[in-house]
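My questions will all concern the structure given below.
All of these numbers come straight from a predicted model, not from anything done at the bench.
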Amino acid sequence: MAEALELARTAASLGEVPVGAVVVADGRVVGRGFNRRELDQDPLAHAELLAMREACATLGRWRLTDATLYVTLEPCVMCAGALVQARLGRLVFGTTDPQYGAVGSQFDLPRDTRLNHRVAVTGGVEHEACRALLDAFFARLREG
């Protein structure tokens with residue numbers, strides 16, 4: 001999570017919403033990303049998606065069943081859906097997103113595992129540091 005926080009700080013320094021993500025498989029980092037939506041002019045350039053794309057390229061496959069994604073902010077609906085489709089093994093996030101967060105709704109769907117891949121979820125890791133970074137970023141935006 002420390003590396004994801006550092007990536008989030010990089011995003012903030014570039015004027016992006018400060019979200020960083022790291023994918024780990026077999027004890028090594030296989031993907032990294034930070035929000036680049038404004039930089040790339042790409043609505044899909046979310047930290048989680050960029051980190052997962054890099055992980056898939058590094059591993060040479062698109063299924064991430066043995067991987068853990070560390071991300072500073074709870075994934076939105078789009079990213080949560082991508083995590084499920086990639087069959088990600090575990091998600092660890094820093095702070096919740098009360099407006100767009102989708103972990104509860106996406107990962108607590110049907111209880112029958114034949115209908116929905118289960119992603120192990122841990123929330124609140126480095127919550128205070130992740131929340132402080134987001135709060136500072138949005139406070140600067142409000143100040144103009």
Side-chain angles (χ1 to χ4, degrees), residues 1-138 140-141:
M1 189 57 86
E3 187 169 346
L5 269 164
E6 192 55 40
L7 289 165
R9 288 184 188 100
T10 299
S13 73
L14 297 170
E16 294 281 348
V17 175
V19 179
V22 175
V23 178
V24 175
D26 297 325
R28 66 184 179 104
V29 174
V30 293
R32 295 172 180 84
F34 58 85
N35 273 0
R36 297 185 55 90
R37 292 176 292 188
E38 298 299 324
L39 290 169
D40 294 351
Q41 297 289 293
D42 181 356
L44 302 179
H46 289 233
E48 305 94 303
L49 298 180
L50 297 173
M52 286 177 30
R53 285 180 189 150
E54 185 175 298
C56 292
T58 300
L59 297 171
R61 56 186 162 84
W62 68 277
R63 295 286 191 197
L64 300 173
T65 54
D66 59 340
T68 300
L69 171 70
Y70 295 86
V71 63
T72 56
L73 181 63
E74 175 185 11
C76 66
V77 172
M78 177 181 68
C79 294
L83 302 179
V84 170
Q85 293 304 311
R87 302 295 193 254
L88 185 79
R90 182 172 192 75
L91 166 67
V92 178
F93 68 90
T95 192
T96 58
D97 185 343
Q99 279 191 308
Y100 301 109
V103 169
S105 62
Q106 284 282 20
F107 299 147
D108 196 27
L109 290 172
R111 294 286 179 201
D112 187 336
T113 57
R114 294 172 299 171
L115 301 176
N116 188 37
H117 171 71
R118 308 312 299 168
V119 177
V121 177
T122 302
V125 175
E126 294 291 340
H127 167 77
E128 294 300 325
C130 294
R131 177 55 54 197
L133 187 58
L134 284 162
D135 289 347
F137 176 80
F138 287 112
R140 281 193 306 274
L141 281 183

Problem set entry | Smallest separation among heavy atoms of Ala11 and Pro18, with atom names | CB-CA, 4.1 Å
For this session: Would you check, one step at a time, whether the test side-chain contact (heavy atoms from CB on, under 4.5 Å) holds for Leu14 with Phe34?
Result: CA-CA 10 Å; Leu14 297 170; Phe34 58 85; 3.8 Å; yes
Problem set entry | From CG (Leu44) to CZ (Arg37), nearest 0.5 Å | 10.0 Å
Problem set entry | Candidate list Arg90, Arg61, Arg87, test salt bridge (charged side-chain N to carboxylate O under 4.0 Å, His left out), partner Asp66, passing option | Arg61
Exercise. Between Thr72 (side chain) and Gly20 (backbone), is there a donor-acceptor pair under 3.5 Å?
Worked result: yes
Exercise. If you measure from CG on Leu49 to CG on Asp42, what distance do you get to the nearest 0.5 Å?
Worked result: 9.0 Å
Exercise. Roughly how far, to the nearest 0.5 Å, is OG1 of Thr68 from CG of Leu91?
Worked result: 9.0 Å
Exercise. Do side-chain atoms of Thr95 reach the backbone of Arg131 as a donor and acceptor pair under 3.5 angstrom?
Worked result: no
Exercise. Where the side chain of Arg32 meets the backbone of Ala47, is there a donor-acceptor pair that is under 3.5 Å apart?
Worked result: no
Exercise. side-chain contact (heavy atoms from CB on, under 4.5 Å) between Leu73 and Cys130: does it pass, once the steps are laid out?
Worked result: CA-CA 7 Å; Leu73 181 63; Cys130 294; over 6 Å; no
For this session: Show the numbers, then the answer: is there a side-chain contact (heavy atoms from CB on, under 4.5 Å) between Glu54 and Val23?
Result: CA-CA 9 Å; Glu54 185 175 298; Val23 178; over 6 Å; no
Problem set entry | Point-to-point distance, once rounded to the nearest 0.5 Å, from CG of Leu133 to CD of Glu128 | 13.0 Å
Exercise. When rounded to the nearest 0.5 angstrom, what distance separates OG1 in Thr58 from CZ in Arg28?
Worked result: 7.0 Å
Exercise. Heavy-atom distance under 4.5 Å between the side chains of Met1 and Val92, does that happen here?
Worked result: yes
Exercise. How far apart are the C-alpha atoms of Asn35 and Leu7, what are their side-chain angles, what is the distance that settles it, and do they pass the side-chain contact (heavy atoms from CB on, under 4.5 Å) test?
Worked result: CA-CA 9 Å; Asn35 273 0; Leu7 289 165; over 6 Å; no
Exercise. Name the one of Glu74, Glu126, Glu48, His127 that satisfies side-chain contact (heavy atoms from CB on, under 4.5 Å) with Phe93?
Worked result: Glu74
For this session: For residues 4-22, pull every pair meeting salt bridge (charged side-chain N to carboxylate O under 4.0 Å, His left out), keeping only residues two or more places apart or in separate chains.
Result: Glu6-Arg9
